[in-house]
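Down below is the structure, laid out as structure tokens.
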Amino acid sequence: MDAIFHEKQEGSLCAQHCLNNLLQGEYFSPVDLSSIAHQLDEEERMRMAEGGMGSDEYRTFLQQPSGNMDDSGFFSIQVISNALRVWGLELILFNSREYQTLMINPINENAFICNYKEHWFTIRKLGQQWFNLNSLLTGPELISDTYLALFLAQLQQEGYSIFVIRGNLPDCEAEQILGIMRVQQQQRPRLIGEDEAQTSAGRSATLGHTEMGFDVESNVVEEEEELKKALALSRQDIDVEDEEADLRRAIQLSMQGAVLSNTSSDSGGGHVKLDNEPAGGRRVQNEALTAEELRKRRQAYFDRQQIQLLSNIPQHANTASIENPRTELDQQQKPSL
């Protein structure tokens, strides 16, 4: 398959690709075909001038664009026919009455040229096998002998004009190689536009999956951050509740300690033993340390209660009370120790 010459589509130069794929080499360029087209235009102009250069038909002919080529690179069947005539090749219309009366099996021919809406492509036999050399394909397409007649019939049904190539085609490397061996094609070539579209679709799908992966990862990270914040707030609330509970218990113990001290004083300094009381003088030292610690905790507890009360006081509250809240609150809430 690599030995088969196959020009791919460039611009609208399908007539050039068709001829070169037929001849299996870079035999024609756009300049060569343009030269043939200009020659045909000049011959047509001279024929029209025979009827009189001052006639309306001649002036109309001069105003019309060339019928043999255009700026896009399209060339007419006359240009292709004249180009093949250089090589001693002839074009015969496949569905003409003259050719159909010959009753020739298509597999016994050497090549066909097909045209539909300004697009030209070649079907040629190389060795003993047929190949579709359409320049719109990514590569040559193998056509079986049994499928060739069906393929030509399908092209005719789609509106293609088919021309049989008569004459001896020039020798080529692919003809020599495929003359001694047959090839098998594992994968059919695609249309060039179809191949590019599938490549673009694959890239878009990959990009979409990548973006979706980033979105999912971003959402997971955000959810983890929110969960961490919620857990931190929950721990903070628990710590505050535990601390306040400890302070309340400390205040109660302090109040109990004051009552016991008063009771001891009233009984003349006697000692009242509590349950689980440690033996000896260590109990007095522990009570002194506990009292100092409790005093600091009580003070912190009262300060936090005052701040909480201040946050609930309306905006129109007494300014003096707000500026010096500790005096009033101490008188109202602080217990006598």
Side-chain angles (χ1 to χ4, degrees), residues 4-7 9 12-25 27-28 33 36-37 40 43-44 47 67-70 74-137 139-172 174-175 178-179 182-183 185 188-189 191:
I4 300 175
F5 181 86
H6 180 256
E7 276 188 0
Q9 187 73 20
S12 299
L13 299 176
C14 54
Q16 170 196 321
H17 305 321
C18 174
L19 289 170
N20 289 340
N21 290 340
L22 172 68
L23 301 174
Q24 285 294 287
Y27 290 97
F28 290 99
L33 297 181
I36 296 174
L40 291 172
E43 292 176 358
E44 292 176 2
R47 285 195 298 269
N68 295 296
M69 64 173 293
D70 59 24
F74 169 77
F75 296 97
S76 66
I77 180 63
Q78 289 81 9
V79 174
I80 292 178
S81 179
N82 282 19
L84 291 177
R85 193 174 293 124
V86 177
W87 294 90
L89 300 174
E90 181 184 3
L91 291 175
I92 300 177
L93 190 62
F94 177 71
N95 60 349
S96 64
R97 180 176 300 178
E98 291 78 10
Y99 181 78
Q100 293 296 326
T101 56
L102 298 177
M103 301 293 290
I104 300 176
N105 192 330
I107 62 174
N108 295 326
E109 301 290 355
N110 292 322
F112 301 92
I113 284 181
C114 307
N115 169 258
Y116 179 67
K117 291 185 178 181
E118 301 183 353
H119 179 66
W120 298 92
F121 73 92
T122 293
I123 302 172
R124 174 173 171 170
K125 180 190 289 185
L126 292 168
Q128 299 300 318
Q129 294 175 286
W130 284 90
F131 297 90
N132 178 8
L133 303 179
N134 194 332
S135 59
L136 293 177
L137 295 174
E141 180 184 19
L142 179 63
I143 301 176
S144 65
D145 291 346
T146 55
Y147 181 66
L148 177 63
L150 295 175
F151 185 44
L152 294 175
Q154 179 183 351
L155 292 176
Q156 283 185 300
Q157 186 176 2
E158 293 176 357
Y160 276 85
S161 298
I162 303 175
F163 300 90
V164 182
I165 305 299
R166 286 294 180 87
N168 296 322
L169 293 168
D171 293 335
C172 62
E175 179 72 26
L178 297 177
R182 298 178 66 87
V183 299
Q185 192 168 40
R188 298 282 181 180
L191 290 173

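The figures that follow rest on heavy atoms only: side chains count, while hydrogens, waters and symmetry mates do not.
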Discussion item. If I take atom OG from residue Ser161 and atom CG from residue Asn115, how far apart are they, to the nearest 0.5 angstrom?
Written reply: 5.5 Å
Worksheet entry | SB check Glu109 Arg166 (cutoff 4.0 Å) | yes
Worksheet item: Tell me, do Asn108 and Asn105 make a side-chain contact under 4.5 Å, heavy atoms counted?
Response: yes
Fill in: Asn21 side-chain N/O to Glu7 backbone N/O, donor-acceptor pair under 3.5 Å
yes
Worksheet item: So do the side chains of Ile123 and Leu155 get within less than 4.5 Å of each other, counting heavy atoms only?
Response: yes
Practice prompt. Enter the distance from Cys14:SG to Phe74:CZ here, rounded to the nearest 0.5 Å.
Written response: 7.0 Å
Worksheet, complete the sentence: For Gln156 and Asn95 the tightest heavy-atom approach is NE2-CB, 3.0 Å
Discussion item. If we check side chain to side chain contact (heavy atoms under 4.5 Å, CB included) with Phe94, which of these qualifies: Ile104, Leu152, Ile113?
Written reply: Leu152
Item to complete: For the residue pair Phe131 and Ile143, establish whether any side-chain heavy-atom pair is separated by less than 4.5 Å.
Response: no
Discussion item. Between Ile165 and Leu84, does the side chain to side chain contact (heavy atoms under 4.5 Å, CB included) criterion hold? Intermediate values first, please.
Written reply: CA-CA 9 Å; Ile165 305 299; Leu84 291 177; 4.0 Å; yes
Item to complete: Return the minimal non-hydrogen interatomic distance between Ala15 and Leu33, and the atom names on each side.
Response: C-CD1, 4.3 Å
Worksheet item: Could you walk me through whether Leu126 and Cys172 pass the side chain to side chain contact (heavy atoms under 4.5 Å, CB included) check?
Response: CA-CA 9 Å; Leu126 292 168; Cys172 62; 4.1 Å; yes
Worksheet item: Just wondering, are more than 12 heavy atoms of other shown residues or ligands nearer than 6.0 Å to CG in Asn168?
Response: no
Worksheet entry | Side-chain heavy atoms of Gln185 within contact of Arg188, under 4.5 Å | yes
Fill in: Side-chain touch Val164/Leu91, heavy atoms, less than 4.5 angstrom
no
Worksheet item: Is there side-chain contact between Trp130 and Leu142, with at least one heavy-atom pair below 4.5 Å?
Response: no
Worksheet entry | Considering all heavy atoms, the nearest Gly139-Pro189 contact | O-CG, 3.4 Å
Fill in: Neighbour count above 12 (heavy atom, 6.0 Å) for Gln128 CD
no
Discussion item. Quick one, Tyr160 and Phe121 - any side-chain contact, counting heavy atoms below 4.5 Å?
Written reply: yes
Worksheet entry | Side-chain donor or acceptor of Arg124 paired with backbone N/O of Leu22 under 3.5 Å | yes
Practice prompt. State whether the side chain of Ser81 and the backbone N or O of Ile77 hold a donor-acceptor pair below 3.5 Å, judged by distance alone.
Written response: no
Worksheet item: If every non-hydrogen atom of Trp87 is compared with every non-hydrogen atom of Pro170, which pair is closest and at what distance?
Response: CZ3-CB, 4.2 Å
Discussion item. Testing His119, Gln16, Gln9 one by one against Ser135 for a side chain to side chain donor-acceptor pair (under 3.5 Å), which residue passes?
Written reply: Gln9
Item to complete: Check for a donor-acceptor pair, side chain of Gln129 on one end and backbone N or O of Val183 on the other, with a separation under 3.5 Å.
Response: yes
Worksheet item: When rounded to the nearest 0.5 angstrom, what is the spacing between CD1 in Ile80 and CG in Asn68?
Response: 11.0 Å
Response to the item:
CZ of Arg97 to CD of Gln100, rounded to nearest 0.5 Å, is 11.0 Å
Item to complete: Please examine the side chains of Ile4 and Leu133, heavy atoms only from C-beta on, and report whether any two atoms are closer than 4.5 Å.
Response: yes
Practice prompt. Flag yes if more than 12 heavy atoms outside Glu158 fall under 6.0 Å of its CD atom; otherwise flag no.
Written response: yes
Fill in: Distance in Å, Ser96 OG paired with Phe163 CZ, rounded so as to fall on 0.5 Å steps
9.5 Å
Practice prompt. Could you tell me which non-hydrogen atom of Thr101 sits nearest to which non-hydrogen atom of Glu98, and how far apart they are?
Written response: OG1-O, 2.6 Å
Item to complete: Without swapping roles, check the side chain of Trp120 against the backbone of His17 for a donor-acceptor pair under 3.5 Å.
Response: no
Worksheet entry | Closest non-hydrogen atom pair between Asn20 and Tyr27, with its separation | OD1-N, 3.0 Å
